[in-house]
Number of protein chains: 2
Amino acid sequence: MEKTAVLDALAALAQPTRLDVVRLLMQAGPDTGMAAGDIAHALDARANTLSANLSILLNAGLVRKERIGRSIRYYPEIETMRGLLGFLLEDCCGGNPALCRPLLDTLTDDCPPQKRDRRDDHQH
Amino acid sequence: MEKTAVLDALAALAQPTRLDVVRLLMQAGPDTGMAAGDIAHALDARANTLSANLSILLNAGLVRKERIGRSIRYYPEIETMRGLLGFLLEDCCGGNPALCRPLLDTLTDDCPPQKRDRRDDHQH
DNA sequence: TCCATATTTCAGGAAATATGGAATTGTTTT
DNA sequence: AAAACAATTCCATATTTCCTGAAATATGGA
C-alpha cells in the first residue's frame, strides 16, 4: 500500500463519525452494508454532514457505494483495511523483526481462532 | 484502548512527517530511539516544526522522551501501537468474527515467523 | 407529470492544524 | 561566567477541516 494511500486512510479514520461509520459497516458485513440514511440515523448525524464524511471514506478507499432503488448503500472495503494494518505492522516488522511476532501473537490472542471450514478460505 | 485515544493516535499518524517519525523510531528500536536533532536531520525538517510534531506524537502516546545530556531522545511506544492495531482489528473481529481470522492470517503471512527461543516469550 | 423520498452539492463561517522566524530554556564546555 | 549547542516555546500566518442551511439531483410511485 502506498504511503499517500495510508495517509488518506488514517486521516479518514481520524474523525469520530467516520470511525463509527466504518465500524458500523464492518458489523453489517462486507456484503450487506447499509444505506446512507440508515447510517445517518444510527449515528444521529445530519444527512449532508454524513454525506461529506462518506465521500471522504470513499475517497480513501475504505468504503464503496452502490445505488439500490432510491437509496445508496455503503459497504466496507476490507482490502483497504487489511492494507492499512499491513503497512502499520511493517513499521515494526520491516524495521525490527523481533517485535513483529510477539505483537501479532498478542493481537491474535484477542481474537480466538474460529472454527472454519477449509473450503471457504478462498472467499475473496 | 479508549476510542478517544485511538482517534488521537490516528490523527497523530495522519501526517507525513509524523508517520515518518514513528517508522524511523521503530527502526531504531524501542530501547535505542533517536535524538530530536537526528530525527530532524534524517527527515530534513526544521527543528521547531519537528518539535511541534514530536509533541503531538507524545501527546498521543506514540512516543516517549528522555533527556540525555543536552539532547532529548525519543523512543517509540510499542504498547500504544499494539493498542491501536488491536482496536482496528476489533472493528472486524467484534462485529464479524468470520472476517477476523483470514485477515490476521494474511497479515501474518507478510511477516514470516521468526526463529525465536521459547524462553524469551515473556519479554514484556 | 407531479410529488415524496434519498442523497449530494454548494457556499459560508468557525475552529483546528501546519509552518516558520525569533526569542527562550536547559545543558555542556571552556 | 560566557559561549556554544540542543530543543522548545511563542507568535503570526496560511491552509485545511468541519459543520450547517439552502438548493440541486436522482429515483420511484401515484
Side-chain angles (χ1 to χ4, degrees), chain A residues 3-25 28 32-77, chain B residues 3-25 28 32-77:
Chain A
K3 185 185 164 189
T4 69
V6 170
L7 286 169
D8 285 347
L10 288 170
L13 292 175
Q15 201 273 350
T17 303
R18 292 196 296 263
L19 185 58
D20 286 342
V21 168
V22 312
R23 299 177 79 191
L24 203 58
L25 292 181
T32 307
M34 283 177 76
D38 292 343
I39 300 173
H41 185 260
L43 301 183
D44 196 31
R46 305 242 151 94
N48 57 352
T49 302
L50 182 78
S51 180
N53 281 322
L54 284 172
S55 151
I56 289 169
L57 288 172
L58 199 60
N59 198 282
L62 286 164
V63 304
R64 71 177 204 280
K65 71 173 169 179
E66 182 188 7
R67 165 140 245 154
I68 296 198
R70 64 177 102 184
S71 64
I72 294 183
R73 231 173 159 76
Y74 284 84
Y75 309 86
E77 278 283 14
Chain B
K3 185 184 165 189
T4 70
V6 170
L7 286 169
D8 285 347
L10 288 170
L13 292 175
Q15 201 271 351
T17 303
R18 292 198 295 264
L19 186 58
D20 286 341
V21 168
V22 313
R23 299 178 77 189
L24 203 58
L25 292 182
T32 307
M34 284 178 77
D38 291 343
I39 301 173
H41 185 260
L43 301 182
D44 196 30
R46 305 205 194 272
N48 57 355
T49 300
L50 182 78
S51 182
N53 281 321
L54 285 172
S55 151
I56 288 169
L57 288 172
L58 200 58
N59 198 283
L62 286 164
V63 303
R64 70 176 206 278
K65 72 173 168 179
E66 182 188 7
R67 165 141 246 153
I68 297 196
R70 64 177 105 183
S71 65
I72 295 182
R73 235 174 154 74
Y74 284 83
Y75 309 87
E77 279 282 14

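The structure presented is a predicted model; accordingly, all values stated were derived computationally and were not measured. Throughout, protein chains are lettered first and strands after them, A, B, ... in sequence-line order, and every chain is numbered starting at 1.
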B:Arg73 side chain to B:Gly33 backbone, donor-acceptor under 3.5 Å
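Judged by distance alone, yes, a pair lies under 3.5 Å.
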
In this structure, how many angstroms lie between the [atom2] atom of [N] and the [atom1] atom of [X], rounded?
X       : N      : atom1 : atom2 : answer
A:Asn48 : C:dT9  : CG    : P     : 11 Å
A:Leu19 : D:dT17 : CG    : C1'   : 17 Å
B:Arg18 : C:dT19 : CZ    : C1'   : 12 Å
A:Leu10 : D:dT17 : CG    : C1'   : 16 Å
B:His41 : D:dA7  : NE2   : C1'   : 16 Å
B:Arg70 : C:dT27 : CZ    : P     : 12 Å
B:Leu58 : D:dT8  : CG    : C1'   : 12 Å
A:Arg67 : C:dT7  : CZ    : P     : 8 Å

Distance check: side-chain N/O of [X] vs OP1/OP2 of [N], anything under 4.0 Å?
X       : N      : value
A:Ser51 : C:dT7  : no
A:Tyr74 : C:dA6  : no
A:Arg46 : D:dG21 : yes

Using a heavy-atom cut-off of 4.0 Å across all strands, would you classify [X] as base, sugar-phosphate, or nothing?
X       : result
B:Arg73 : nothing
B:Ser71 : sugar-phosphate
B:Ala40 : nothing
A:Ala36 : sugar-phosphate
A:Ala11 : nothing
B:Leu50 : nothing

Watson-Crick or G-U wobble partner of D:dT15, both distances under 3.5 Å:
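Checking every strand shown, D:dT15 finds its partner in C:dA16, with both distances under 3.5 Å.
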
Across all strands shown, which nucleotide pairs with C:dC2 by Watson-Crick or G-U wobble geometry, both distances under 3.5 Å?
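When the pairing criteria are applied, D:dG29 turns out to be the nucleotide that pairs with C:dC2.
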
Here's a test of your reading of the structure: between A:Thr17 and B:Ser55, which maps to the more 5' nucleotide of DNA chain D?
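Its nearest nucleotide lies further toward 5', so the answer is B:Ser55.
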
Return whichever of B:Leu54 or A:Thr49 has its heavy-atom-nearest nucleotide of DNA chain D closer to the 5' end.
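Between the two, 5'-proximity favours B:Leu54.
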
Of all the nucleotides listed (D:dG28, C:dA18, C:dT8), which has the minimum atom distance to the side chain of B:Gln15?
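Nearest to the side-chain atoms of B:Gln15, counting from C-beta on, is C:dA18.
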
I need the single residue from [options] that forms a side chain to side chain contact (heavy atoms under 4.5 Å, CB included) with [X]. Which is it?
X       : options                   : answer
A:Arg18 : A:Leu50, A:Ile56, A:Leu54 : A:Ile56
A:Ile39 : A:Asn53, A:Leu24, A:Val63 : A:Leu24
B:Leu13 : B:Val21, B:Asp8, B:Leu62  : B:Leu62

Within this structure, what is the NZ-OH distance for the pair B:Lys65 and B:Tyr75, rounded to the nearest 0.5 Å?
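Between B:Lys65 NZ and B:Tyr75 OH, I get 12.5 Å after rounding to 0.5 Å.
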
Non-hydrogen atoms of B:Arg67 and B:Arg70 that approach each other most closely
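For B:Arg67 and B:Arg70, the tightest heavy-atom pair comes out as NH2-O, 3.4 Å.
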
